[in-house]
**Q** 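Once you've had a glance at the structure underneath, I'll fire off some questions.
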Amino acid sequence: MTGDYTDIRALFSEPEAYADKEIKLNGWIRQIRDQKKFCFIQLNDGSYFTSLQIVAEREFLDNYEEISALGVGSAIRVKGIFVLTPENRQPFELKAREIRVEGECPPDYPLQPKRHSPEFLRSIAYLRPRTNLFSAVFRVRSEASFAIHKFFHDRDFVYVHTPIITSSDAEGAGEMFHVTTVDPDAPPKDASGKTDYKKDFFGKKTYLSVSGQLNAEAFAQAFGKVYTFGPTFRAEHSNTARHAAEFWMIEPEIAFADLGDIMDLSEAMLKYVISYVLEHCSAEMEFFNRFVDKGLLARLENIVASDFKRMSYTEAVAHLEKADVKFKYPVYWGAELQTEHERYLTEKVVGGPLFVTDYPKDFKSFYMRLNEDGKTVAAVDCLVPGVGEIIGGSQREERPDYLMRMMEEKGIKKEGYEWYLALRQYGSTKHAGYGLGFERLIMYMTGVKNIRDVLPFPRTTGSAAF
RNA sequence: GCCUUGAUAGCUCAGUCGGCAGAGCAUGCGGCUGUUAACCGCAGUGUCACAGGUUCGAGCCCUGUUCAAGGCGCCA
């Protein structure tokens, strides 16, 4: 409600309360069907997924000629009588008594009441939230975002804003964007002729953060339970439907917790967010189920009701070795699990979400806790059908000697990590956490197959439009 | 970064053997007393992605570039 204007959402939630009353609406024309003495306007004001039918009749409107000639996309203000029409295909409509044109929309408006491809709509990202598909995606994104905060807040987690600019240059999460004020055409030089970053803004090389985890660990050692939820940046030339250069991550971190605790937590979180969205975005989810992914609702409801499967990396390799499928990449203990392996496990072996735990230390990050066997680390990936890895987590190495030995093994210099090592000296506790790719969760919940279509204005390698 | 495929009207696409640039939808105009991604009639719409080459002649063949899609690697 803005001023004395009613939201279309309110009409859909309690139509009886507005029956036969005069109301005012604002909105954009999604479709207009002109007849001789009246026309039907599908009006959407952004407050609700479904549009409201406006009946504009010649006998009641002195500017009928102007109104009936309006194009799709035009913005109007309407005053009229709200009428229940249970005998018709739409349960109610608005009989217009006054329509004012707020902003006309010319015939070259790219969005027409017909099917457009997601690739075309991506090229007009500034208009696509006006379409059914993207309106649904971005409302789900908003509601899911709120659900994440509510889940953690209800469980007494503290929300930490970890820095976006960082000086740690090798957190093991890929290529980083350099942040600098140095003039690329005339950089200051040091004695050896290299660019002298001591003269840069921060007095050293700095980057956009690839993860808030290390900072979150510090806060977990004070508040016990914390989480971050913010943008992260990866300068990898990953050209797939599942990778973006700028994406949002949720990273909880819990003191005194082990790997089992974070599996329990992440499973509860996924179920909570899915349930929340199913309840609060029912019109949108119905739309995805009809037009994007026919099995979506059944699958999501099944996930909320069932327990996630858990298996160790060693067990996963055993499953893959006896599979009667020929894999492009060979499977043996010590090999990384490829996309084809993950898909086989989650789609063929368990048919749903799956936690894979205790990976060989060689291809996992330096901060993951070494297991008793000396070969594996307490890491976990949550794999889901269709999307792949949605969560990656671990119990962190809290023992300073083990941590330093792992950093040496991985060739990570201590510079910049002194504070991270110091945390292990001062009342260090067992602790664990995970990272959830927010866009991948949205893809999983909506059935949308390309990460570019769940980011409002996606940034991917070679593309930063709008 | 690698592999494959593609780019023709506003959109989705067809275009045969190298020989006049096409359809549906959308749009415009007209009609229609309840439509609902309406219906009926008429009309307009092109730098065939860009640059070069072969040819009497190129949307079509060749080379390069750009962009996109699918897959892979890396990861969330």
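Source: prediction; values computed, not measured.
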**Q** Classify A/F363 by what it touches in the nucleic acid, base, sugar-phosphate, or nothing, heavy-atom distance under 4.0 Å.
**A** nothing

**Q** Which nucleotide wins on minimum distance to the side chain of A/N88, given the candidates B/C72, B/C74, B/G34?
**A** B/G34

**Q** Between the side-chain atoms of A/Q90 and the base atoms of B/U35, is any donor-acceptor pair under 3.5 Å?
**A** yes

**Q** Ion pair present between A/E267 and A/R310, side-chain N to carboxylate O less than 4.0 angstrom?
**A** yes

**Q** Identify the pairs formed between an N or O of the protein and an N or O of nucleotides 64-67 of chain B at a distance under 3.5 Å, and give each distance.
**A**
none

**Q** Quick one: list whatever passes salt bridge (Lys or Arg N to Asp or Glu O under 4.0 Å) with A/K24, sequence neighbours left out.
**A** A/D4

**Q** Give the B/S/- string for nucleotides 4-15 of chain B, one per nucleotide from 5' to 3', where a protein heavy atom under 4.0 Å of the base yields B, of only the sugar-phosphate yields S, and otherwise -.
**A** -------BS---

**Q** Below 3.5 Å, does any donor atom in the side chain of A/E236 face an acceptor in the base of B/G73, or the other way round?
**A**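 No, the side chain and the base share no sub-3.5 Å donor-acceptor pair.
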
**Q** Would you be so kind as to tabulate the donor-acceptor pairs closer than 3.5 Å made by side chains of residues 73-84 of chain A, with sequence neighbours excluded?
**A**
{"residue": "A/S74", "atom": "OG", "partner": "A/G71", "partner atom": "O", "Å": "2.8"}
{"residue": "A/S74", "atom": "OG", "partner": "A/C105", "partner atom": "N", "Å": "3.1"}
{"residue": "A/R77", "atom": "NE", "partner": "A/E102", "partner atom": "OE1", "Å": "2.9"}
{"residue": "A/R77", "atom": "NH1", "partner": "A/Y5", "partner atom": "OH", "Å": "2.9"}

**Q** Choosing from B/A37, B/U36, B/C75, which nucleotide comes nearest the side chain of A/T339?
**A**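 When the side chain of A/T339 is considered, B/C75 is the closest of B/A37, B/U36, B/C75.
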
**Q** With pairs defined as Watson-Crick or G-U wobble and both distances under 3.5 angstrom, please note down RNA chain B as a dot-bracket string, | for pairing with another strand.
**A** (((((((..((((.....[..)))).(((((.......))))).....(((((..]....))))))))))))....

**Q** Tabulate protein N/O versus nucleotide N/O from nucleotides 28-33 of chain B, keeping only pairs under 3.5 Å, one per line.
**A**
{"residue": "B/C32", "atom": "OP1", "partner": "A/K36", "partner atom": "NZ", "Å": "2.3"}
{"residue": "B/C32", "atom": "OP2", "partner": "A/K36", "partner atom": "NZ", "Å": "2.9"}
{"residue": "B/C32", "atom": "N4", "partner": "A/D34", "partner atom": "O", "Å": "3.2"}
{"residue": "B/U33", "atom": "O4", "partner": "A/K37", "partner atom": "NZ", "Å": "3.3"}

**Q** Using atom NE2 of A/H243 as one end and atom P of B/G71 as the other, report the distance to the nearest whole Å.
**A**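 Between P of B/G71 and NE2 of A/H243: 12 Å.
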
